**Student:** 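My questions will all concern the structure given below.
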Protein chains: 2
Amino acid sequence: MSLWSRTRNTVYREITATAMALFLERGFDATTIDDIAAAAGISRRSFFRYFGTKEDVVLGDLIASGDLVRQALEARPDDEEVWAALRNALHSVKDTAFDEPTMLKIFTMVHQTPSLRARSIEKHLEWQALLTPEVRRRLGADPADPLDVRADALVATVITCLDVAGDAWTRGNGAVPLETLFDAAAAAVRAPGG
Amino acid sequence: MSLWSRTRNTVYREITATAMALFLERGFDATTIDDIAAAAGISRRSFFRYFGTKEDVVLGDLIASGDLVRQALEARPDDEEVWAALRNALHSVKDTAFDEPTMLKIFTMVHQTPSLRARSIEKHLEWQALLTPEVRRRLGADPADPLDVRADALVATVITCLDVAGDAWTRGNGAVPLETLFDAAAAAVRAPGG
DNA sequence: GCCTGATTGACACTGAGTGCCAGACCGGCA
DNA sequence: TGCCGGTCTGGCACTCAGTGTCAATCAGGC
């Protein structure tokens, strides 16, 4: 069993690396799954045993991060303001699978490819669902009341700020760190004047 | 030319009505474009001359609304707070093509169908791009500075609040009006404690 | 060495979306 | 009336993503 998952993880990472190289070289839409399968030396059918969709190759690690963010949020002290707790939880999770210039290229690709952008936002919706229960708890909200939107709104807004910051980060070619942009976005939203 | 567009609009509306009936009857994913084309008495190929994607049948009117929101925003007085101006601009645009129970069904379908949800968010991104310039103007931001994220953050957050409110609206079966939910979401985001 | 279960590749299929082409339609014109 | 331009339409073939099925293969346990 341990050997299994190790082998599986190896293949998984190999496909990811191969596909990413192709994506960055000739673009996401211009790369077909047949291309990836051929380059990775597997069958088309096997690709779909590792990834549900082509988008998941790029965004797969992002999904897994969602649970890490949840854990980080739950680890924040109870007396911390919800907003700050969410911010710190997000910042504590860094994806270190690629170096920063590559990350910038990937981010840019995601933000410029509609299907990737959409999928990425869907992943963010999953994060929302993951983080909302803990925020409800911190707000003392009834966990089952569908009409108490406070937690949903807070989580969604924080993630939106992250998205806006990521967008600006790619537009500015990574000149300003993501954290700075995020804090600027958050400050704008919470400023009394608006 | 006037006759043309009138005919075209008639066909457009006919396809929409036919397709919506099928969607609400048997579900979005379970309805193929062949089904729609057959029911509407057109060819499959012609369907794609009126709609780029299947999702656009449901969300097409939403796209057009974006421009109305922009106009409404530009019509708000200059001394109104940006946040309030955005809120009022959004509220002033109501889609009256369907009665409320039907709207609730459509909203629920959109929020429960991943591909529709994704497309709907893409449309919201388009709204963002449409509304941001005017907000930048009101904030006195450099129109070309990619690192000034204030306007993007504000617009994105307001739209996020609308999305959260819409989600709660469907979860509560329309018991509480959308406006009330939106204002509750906005209040939660802007509350000092967070 | 055999058995069991998981993985794999090959094939066929659905369904969305696109390019192409020939024919129908319609207003204008002689 | 008959011709002529442009446009809309339907039909066909195609690409590509994603799914179901099945037989072959490969690994470890007995």
Side-chain angles (χ1 to χ4, degrees), chain A residues 1-16 18-20 22-23 25-60 63 109-110 113-120 122-123, chain B residues 1-16 18-20 22-23 25-60 63 109-110 113-120 122-123:
Chain A
M1 184 151 75
S2 169
L3 179 74
W4 273 1
S5 30
R6 243 182 304 156
T7 310
R8 190 179 168 83
N9 272 326
T10 304
V11 176
Y12 182 95
R13 268 194 292 270
E14 250 179 55
I15 301 176
T16 304
T18 309
M20 284 309 248
L22 289 174
F23 290 157
E25 183 194 327
R26 51 174 104 156
F28 183 79
D29 287 329
T31 307
T32 71
I33 292 182
D34 287 288
D35 295 337
I36 301 170
I42 57 168
S43 75
R44 180 189 148 66
R45 194 65 188 81
S46 280
F47 172 89
F48 283 110
R49 291 202 177 91
Y50 286 89
F51 299 93
T53 68
K54 196 166 79 165
E55 287 78 20
D56 285 357
V57 179
V58 183
L59 303 171
I63 317 164
M109 181 174 73
V110 170
T113 310
S115 68
L116 272 177
R117 188 78 198 268
R119 204 63 161 182
S120 142
E122 278 189 84
K123 296 309 166 196
Chain B
M1 184 150 73
S2 168
L3 178 73
W4 272 1
S5 32
R6 242 181 306 156
T7 311
R8 188 176 170 83
N9 272 326
T10 305
V11 176
Y12 182 95
R13 267 194 292 271
E14 250 179 53
I15 300 176
T16 304
T18 310
M20 284 310 245
L22 289 175
F23 290 156
E25 183 194 328
R26 52 174 102 158
F28 183 79
D29 287 328
T31 307
T32 71
I33 293 182
D34 288 286
D35 294 338
I36 301 170
I42 58 167
S43 74
R44 178 190 149 67
R45 194 66 189 84
S46 279
F47 172 89
F48 284 110
R49 291 202 177 91
Y50 286 90
F51 299 94
T53 68
K54 197 166 79 166
E55 286 77 21
D56 285 358
V57 179
V58 182
L59 302 171
I63 318 164
M109 181 174 75
V110 170
T113 309
S115 67
L116 272 176
R117 188 77 198 270
R119 204 63 161 183
S120 144
E122 279 188 82
K123 297 305 166 199

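Since this is a predicted model, take the numbers as computed values, not measurements. Residue numbers start from 1 in every chain, and the chains themselves are labelled A, B, ... in the order their sequence lines are given, proteins ahead of strands.
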**Student:** Considering non-hydrogen atoms only, spot the tightest contact between B:Val110 and B:Ser120 and give its length.
**Tutor:** CG1-CB, 4.0 Å
**Student:** Taking only residues two or more places apart in sequence or in another chain, which ones pass ring-ring contact (aromatic ring centres under 6.0 Å, His included) with A:Tyr12?
**Tutor:** A:Phe51
**Student:** Taking any heavy-atom pair under 4.0 Å as a contact, classify A:Phe51: base, sugar-phosphate, or nothing.
**Tutor:** nothing
**Student:** Given C:dG9, is OP1 or OP2 found less than 4.0 Å from the side-chain N or O atoms of A:Ser46?
**Tutor:** yes
**Student:** Using whole Å, what does the distance between atom P of nucleotide D:dC8 and atom CD1 of B:Ile15 come to?
**Tutor:** 13 Å
**Student:** Walk along nucleotides 15-21 of chain C from 5' to 3' and tag each nucleotide B, S or - by protein heavy-atom contact under 4.0 Å, base first, then sugar-phosphate.
**Tutor:** SBBBBB-
**Student:** Do any side-chain nitrogens or oxygens of B:Tyr50 fall under 4.0 Å of OP1 or OP2 in D:dT9?
**Tutor:** yes
**Student:** Grab the CZ-P distance between B:Arg8 and C:dC25 for me, whole Å please.
**Tutor:** 19 Å
**Student:** Under the rule for side chain to side chain donor-acceptor pair (under 3.5 Å), what residues qualify as partners of A:Arg26, not counting sequence neighbours?
**Tutor:** A:Asp35
**Student:** Applying side chain to side chain contact (heavy atoms under 4.5 Å, CB included), can you list everything that pairs with A:Asp34, at least two apart in sequence or on another chain?
**Tutor:** A:Thr32, A:Arg44
**Student:** With sequence neighbours excluded, what pairs up with A:Asp56 under the side chain to side chain donor-acceptor pair (under 3.5 Å) test?
**Tutor:** A:Thr53
**Student:** Which residues pass the ring-ring contact (aromatic ring centres under 6.0 Å, His included) test with A:Tyr50, not counting sequence neighbours?
**Tutor:** none
